[in-house]
Amino acid sequence: MTRYTGLIERYRNRLPVSADTRIISLGEGNTPLIQLQNIPRLIGKDVDIYVKFEGLNPTGSFKDRGMTMAVTKAVEAGSHAIICASTGNTSASAAAYAVRAGIKAFVLIPEGKIALGKLAQTLMYDAKIIQISGNFDRGMALVKEVADHAPVTIVNSINPFRIDGQKTAAFEIVDALGFAPDYHCLPVGNAGNITAYWKGYTEYTTDRVCGNRPVMCGYQAAGAAPFVLGEMVDNPETVATAIRIGHPQSWDFAWAAQRESGGWFDKFTDEKILAAQKMLSQFEGIFCEPASAASLAGALHDIGSGKIPEGSVIVCTLTGNGIKDPEIAMMQCADAKPVTIDASLDAVKRAILDNL
Ligand code: F0G
């Protein structure tokens with residue numbers, strides 16, 4: 001057995017690093033590809049649905065895949081500080097990898113609009129948090145501007161090294177299955193991840209590691225769905241704060257992925273997204289954050305309508321961990337209050353027998 005030391009080491013020959021590069025890693029990647037067992041039975045469809053549970057990365061989201069590369073390359077280039085705008089996950093990831101590298105992280109976040117766990121993480125990693133009275137898109141614009149005026153490296157997904165790191169998730173899926181899925185479903189916000197998966201699948205197909213590329217299905221929240229509307233959205237709104245984005249940066253790349261794969265974009269209400277999040281927890285034991293559940297909400301919708309036919313192999317990316325957003329979880333389970341009883345054998349026994 002060799003100790004797993006992160007995705008750059010694993011896919012070194014497919015990433016822009018040299019033997020001299022100091023690799024900044026927290027052991028990211030190598031996340032489980034879990035086959036759903038109960039949900040397909042529940043919906044009565046003959047489909048193989050796998051979830052790529054990216055919530056099990058070191059800071060709890062897929063961003064770590066991109067961040068290990070972006071920070072490694074920033075340090076290699078001599079940078080002493082990184083900056084990003086974020087809806088919460090990128091900021092947590094940037095902060096952690098900056099600590100690991102011994103450099104500074106500045107993060108711009110929309111005030112009051114990031115999940116509690118993400119804020120707590122970013123504080124613990126000791127990043128310089130700059131809250132703005134504006135949304136992610138405004139933060140992104142400011143980050144792009146300030147990088148011309150201060151010595152900071154941008155580590156949002158407009159940094160191409162982020163995409164290179166994140167493409168490894170597609171490699172892992174093909175390596176695990178032995179082939180590419182028929183359909184790949186994922187939530188779309190800033191659109192870096194759909195760009196990265198498409199790049200990964202394309203590289204593997206070009207090198208004949210797999211024979212085909214999946215149809216890419218990008219799902220958005222109804223109140224933040226520029227790809228579905230075909231135009232930017234100025235005031236995006238959704239309970240899935242991770243994808244509360246109206247001006248995605250990787251606009252052209254995402255459209256290329258959709259076009260070249262024969263895929264599509266669709267949008268779902270917050271209710272549908274939250275229902276999918278709860279379904280995954282209650283029927284499969286998998287707790288992802290709300291934005292992540294857009295992938296399953298979309299897949300189930302398209303399986304139900306027949307757009308994704310029976311017999312298909314489907315992978316849904318679950319981009320982040322549910323424990324990042326405890327407030328939503330408590331709201332989702334408001335009716336499921338814990339029972340409070342006397343601390344006696346009798347009372348515990350009754351609580352069990354009453355609920356068997
Ligand atoms: N799911 C989660 C949990 C996310 O945090 C994000 C993006 C997405 C999906 C969408 O991915 O932007 O590549 O299309 N979060 C960014 C952030 C914007 O700042 O953490 P995308």
Side-chain angles (χ1 to χ4, degrees), residues 51-57 59-67 70 83-96 105 107-110 113-115 117-119 121-122 127 129 132 135-140 143 154-159 162-163 165-167 169 184-200 216-221 224-227 236 238-251 253-255 257-258 265 273 276-277 287-298 316-325 328:
V51 295
K52 181 72 171 157
F53 194 15
E54 292 288 278
L56 295 182
N57 274 296
T59 77
S61 86
F62 73 99
K63 304 289 180 179
D64 295 342
R65 289 184 185 276
M67 210 52 74
I83 190 165
C84 65
S86 181
T87 56
N89 280 327
T90 302
S91 52
S93 187
V107 305
L108 265 75
I109 56 171
K113 294 291 181 182
I114 83 166
K118 300 175 189 178
L119 185 59
Q121 284 183 286
T122 311
I129 301 179
I132 60 163
N135 62 22
F136 169 86
D137 300 309
R138 181 71 193 124
M140 193 65 244
V143 161
I154 299 177
V155 294
N156 282 103
S157 56
I158 55 171
N159 178 329
R162 277 278 311 276
I163 304 297
Q166 285 172 215
K167 76 184 178 187
H184 190 114
C185 305
L186 77 172
V188 174
N190 212 21
N193 214 24
I194 191 169
T195 302
Y197 271 100
W198 190 239
K199 186 170 190 201
M216 300 298 292
C217 309
Y219 301 121
Q220 304 206 280
F227 286 105
T238 169
V239 70
T241 50
I243 50 171
R244 189 173 168 271
I245 295 171
H247 288 242
Q249 296 296 311
S250 294
W251 181 256
F253 290 127
W255 280 113
Q258 175 271 327
F265 296 107
I273 290 171
Q277 184 201 22
F287 185 23
C288 68
E289 65 173 286
S292 309
S295 60
L296 184 71
C316 295
T317 302
L318 300 182
T319 45
N321 200 305
I323 55 180
K324 281 173 172 276
D325 202 338
I328 294 289

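Numbering of ligands and ligand atoms starts at 1, following listing order.
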**Student:** In terms of atom number and element, which parts of ligand 1 are under 4.0 angstrom from non-hydrogen atoms of Thr90?
**Tutor:** 16 (C), 17 (C), 19 (O), 20 (O)
**Student:** Please report which non-hydrogen protein atom sits nearest to atom 11 (O) of ligand 1, along with the residue it belongs to and the distance in Å to one decimal place.
**Tutor:**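 For atom 11 (O) of ligand 1, the nearest protein heavy atom comes out as Phe62 CZ, 3.5 Å.
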**Student:** Could an N or O of ligand 1 be found under 3.5 Å from any N or O of Ile194, whether backbone or side chain?
**Tutor:** no
**Student:** Does ligand 1 come near enough to Asn193 that some N or O of the ligand is less than 3.5 Å from an N or O of the residue?
**Tutor:**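 It does: an N or O of Asn193 is found under 3.5 Å from an N or O of ligand 1.
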**Student:** Decide yes or no on side chain to side chain donor-acceptor pair (under 3.5 Å) for Gln166 and Lys199, but give the supporting numbers first.
**Tutor:** CA-CA 9 Å; Gln166 285 172 215; Lys199 186 170 190 201; over 6 Å; no
**Student:** Is there a polar contact between ligand 1 and Lys63, counting only N or O atoms under 3.5 Å apart?
**Tutor:** yes
**Student:** Compare every heavy atom of Gln121 with every heavy atom of Thr59, then report the nearest pair and how far apart it is.
**Tutor:**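 Looks like O-NE2, 2.8 Å.
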**Student:** Determine whether more than 12 heavy atoms belonging to other residues, nucleotides or ligands lie under 6.0 Å from atom CZ of Phe287.
**Tutor:** yes
**Student:** Is the shortest distance from a heavy atom of Ser61 to ligand 1 less than 4.0 Å?
**Tutor:** no
**Student:** For atom 4 (C) of ligand 1, which of the options Ala196, Ala293, Ala242 provides the nearest non-hydrogen atom?
**Tutor:** Ala242
**Student:** Within the 4.0 Å heavy-atom shell around Gly192, which atoms of ligand 1 are there?
**Tutor:** 13 (O), 14 (O), 21 (P)
**Student:** Could you list which atoms of ligand 1 come closer than 4.0 Å to a heavy atom of Ile245?
**Tutor:**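 Counting atoms of ligand 1 from 1, those under 4.0 Å from Ile245 are 18 (C).
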**Student:** With a 4.5 Å cut-off on side-chain heavy atoms, are Val188 and Asn193 touching?
**Tutor:**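 SC-SC contact between Asn193 and Val188 ruled out.
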**Student:** For atom 12 (O) of ligand 1, what's the nearest protein heavy-atom neighbour? Residue, atom name and distance, please.
**Tutor:**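 Going atom by atom, the protein heavy atom closest to atom 12 (O) of ligand 1 ends up being Asn190 N, 2.7 Å.
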**Student:** Considering only heavy atoms of Asn89, which atoms of ligand 1 have at least one such atom less than 4.0 Å away?
**Tutor:** 2 (C), 3 (C), 4 (C), 5 (O), 20 (O)
**Student:** To the nearest 0.5 Å, what is the distance between CD on Gln220 and CG on Leu186?
**Tutor:** 10.0 Å
**Student:** Taking all non-hydrogen atoms of both residues, which atom of Ala95 and which atom of Thr122 are closest, and how far apart?
**Tutor:**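 Minimum heavy-atom separation between Ala95 and Thr122: CB-CG2, 4.2 Å.
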**Student:** Ignoring hydrogens, what is the shortest heavy-atom contact between Gly139 and Leu108? Give both atom names and the distance.
**Tutor:** O-CD2, 4.0 Å
**Student:** Glu289 versus ligand 1: do any nitrogen or oxygen atoms come within less than 3.5 Å of each other?
**Tutor:** no
**Student:** Going by the atom numbers of ligand 1, which of them fall below 4.0 Å from some non-hydrogen atom of Thr87?
**Tutor:** 15 (N), 16 (C), 17 (C), 18 (C), 19 (O), 20 (O)
**Student:** Does a sphere of radius 6.0 Å around CD1 in Ile132 hold more than 12 heavy atoms from other residues, nucleotides or ligands, not counting ones at 6.0 Å or beyond?
**Tutor:**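 Atom CD1 in Ile132 is packed in, count exceeds 12.
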**Student:** Tell me the nearest of Gly189, Ser157, Gly88, Pro290 to atom 10 (C) of ligand 1, using heavy-atom distances.
**Tutor:** Gly189
**Student:** Could you give the distance from OG1 (Thr195) to CH2 (Trp251), rounded to the nearest 0.5 Å?
**Tutor:**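 The distance works out to 12.0 Å.
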**Student:** Give the atoms of ligand 1, by number and element, whose distance to some non-hydrogen atom of Pro187 is under 4.0 Å.
**Tutor:**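 Here the atoms of ligand 1 in question are 9 (C).
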**Student:** Looking only at protein heavy atoms, which one is nearest to atom 1 (N) of ligand 1, and what is the separation?
**Tutor:**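 The closest heavy atom on the protein side is Thr319 OG1, 2.6 Å.
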**Student:** Can you list the ligand 1 atoms lying under 4.0 Å from a non-hydrogen atom of Val188?
**Tutor:** 14 (O)
**Student:** Would you mind running through ligand 1 and noting each atom that sits below 4.0 Å from a heavy atom of Ile243?
**Tutor:**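 That gives atoms 8 (C), 9 (C), 10 (C) of ligand 1.
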**Student:** Nearest 0.5 angstrom please: Met67 CE to Asn57 CG, how far?
**Tutor:** 11.5 Å
**Student:** Decide yes or no for Ser61 and Thr319: does some side-chain heavy atom of the first lie under 4.5 Å from some side-chain heavy atom of the second?
**Tutor:**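 Sidechains of Thr319 and Ser61: no contact.
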**Student:** Ser86 versus ligand 1: do any nitrogen or oxygen atoms come within less than 3.5 Å of each other?
**Tutor:**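 It does: an N or O of Ser86 is found under 3.5 Å from an N or O of ligand 1.
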**Student:** With Phe53, which residues qualify under ring-ring contact (aromatic ring centres under 6.0 Å, His included), at least two apart?
**Tutor:**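 Scan of Phe53 (ring-ring contact (aromatic ring centres under 6.0 Å, His included), adjacent residues dropped) gives none.
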